[in-house]
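Remarks on the structure that follows.
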Amino acid sequence: MSPRIAVVGSNMVDLITYVTRMPGRGETIEAPRFEMGAGGKGANQGVAAARLGSDVLMVGKVGDDVFGQNTIANFRDAGIDARHVGVVPGASSGVAPIFVEPSGENSILIIKGANAHLRPADVDAATDDLLGCDLILLQLEVPLETVYYAIAFAARHGKQVLLNPAPATPDLDLAKLRDVTFLAPNRSELSLLTGLPTETAMAVETAARRLLDAGIATVIVTLGSDGLLLVTQAGIRHIPAVPVQPVDTTGAGDAFIGSFAHFYVRSHDVADALHWAVRYAAVSVTRRGTQKSYVDAAAFREFCSAIAGGMPPA
Ligand code: RIB
């Protein structure tokens with residue numbers, strides 16, 4: 001049987017405005033371009049893995065509006081099993097107004113909508129399907145009680161879990177995360193999780209080790225153009241980023257997580273999966289949009305053939 005990835009998480013409709021600069025308070029300015037597309041950290045990670053050829057199960061909630069119908073259709077188009085994506089009567093779907101500056105950097109607002117209704121009972125309702133999965137991906141755009149429940153569920157059933165603690169929240173209880181297999185924060189999420197500074201390489205290492213001390217097996221700290229740090233009891237390894245000219249960084253972190261999951265469930269080689277994931281994230285920042293920027297396996301191979309680092313496994 002081919003490996004299967006589950007996402008217990010969010011979906012949003014991304015309303016992306018490309019700006020020449022951000023407006024000041026009380027100021028109206030014109031922006032040259034707008035695009036609407038499928039987003040949400042959970043959905044993005046699932047779609048990235050599915051584009052590469054993974055079998056993906058999604059557990060989530062949409063509103064009873066046209067965005068919700070489009071989101072479910074989008075999952076089906078991506079080949080994702082959406083039987084456990086429920087419609088919440090009377091709720092709007094999640095939406096994310098996003099502003100992308102000429103540098104490719106973004107600012108994002110999220111309105112959770114139906115995502116706020118994903119409950120522990122929804123995890124239980126998907127038990128049989130979740131038990132058939134090799135890795136469960138979690139993020140923080142659904143209620144924390146559901147995230148904690150999914151971690152405990154996975155531990156109880158011997159399933160591996162990756163938590164991407166994004167968007168950063170000060171409310172996260174580190175004690176409830178010790179059973180995650182992989183914790184993948186960025187620099188600011190790491191700082192918020194540990195209460196430690198993370199401005200320098202040394203500070204990042206110290207903070208990441210604090211997570212190991214809290215019982216987490218593997219910490220993957222993403223550092224944008226500085227690459228990432230893989231931190232385990234066995235030591236620390238730096239994996240450099242692939243330099244590209246950024247067009248739109250929206251969803252690059254999700255491209256990284258989804259592609260890591262895809263390669264990891266096949267090889268169970270963490271460093272190798274990270275090697276491919278930094279490359280997959282790099283392609284995504286050279287393209288506009290969120291899920292729109294996620295390439296399939298053939299296009300990814302083409303990208304890899306043009307840079308150093310070898311060819312990804314088929
Ligand atoms: O990580 C990028 C995502 O964050 C966007 O797709 C947006 O929907 C928000 O969830």
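Nothing fancy with the numbering, it's 1 onward along the sequence. Counting starts at 1 for both ligands and their atoms, following the listed order. Since we're looking at a predicted model, the values are computed, not measured.
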So, using side-chain contact (heavy atoms from CB on, under 4.5 Å) as the criterion, who are the partners of Thr127 when residues are at least two apart?
Asp124, Leu131, Phe153
For atom 2 (C) of ligand 1, the protein heavy atom that lies nearest, with its residue and separation:
Asp254 OD2, 3.3 Å
Enumerated ligand 1 atoms positioned under 4.0 Å from heavy atoms of Gly40
5 (C), 6 (O), 7 (C), 8 (O), 10 (O)
Test of proximity, Met12 against ligand 1: N or O pairs below 3.5 Å:
no
Should Arg33 and Glu35 count as an ion pair when the cut-off is N to O under 4.0 Å?
yes
For ligand 1, which atoms, with element, lie under 4.0 Å from some heavy atom of Gly39?
6 (O), 8 (O)
Logged contact type for Lys41 with ligand 1, heavy-atom cut-off 4.0 Å, is both
Among all protein heavy atoms in this structure, tell me which lies nearest to atom 9 (C) of ligand 1, with the distance rounded to 0.1 Å.
Glu141 OE2, 3.4 Å
Check step by step if side-chain hydrogen bond (donor to acceptor under 3.5 Å, both in side chains) holds for Glu141 and Asn115.
CA-CA 7 Å; Glu141 290 180 331; Asn115 292 295; over 6 Å; no
Starting from the C-alpha separation in whole Å, work towards a yes-or-no answer on ring-ring contact (aromatic ring centres under 6.0 Å, His included) for Phe182 and Tyr264.
CA-CA 11 Å; Phe182 303 103; Tyr264 173 73; 5.0 Å; yes
Minimum-distance protein heavy atom relative to atom 8 (O) of ligand 1:
Asp14 OD1, 2.5 Å
Option from Leu137, Leu118, Asp122, Val161 for which side-chain contact (heavy atoms from CB on, under 4.5 Å) with Val8 holds:
Leu118
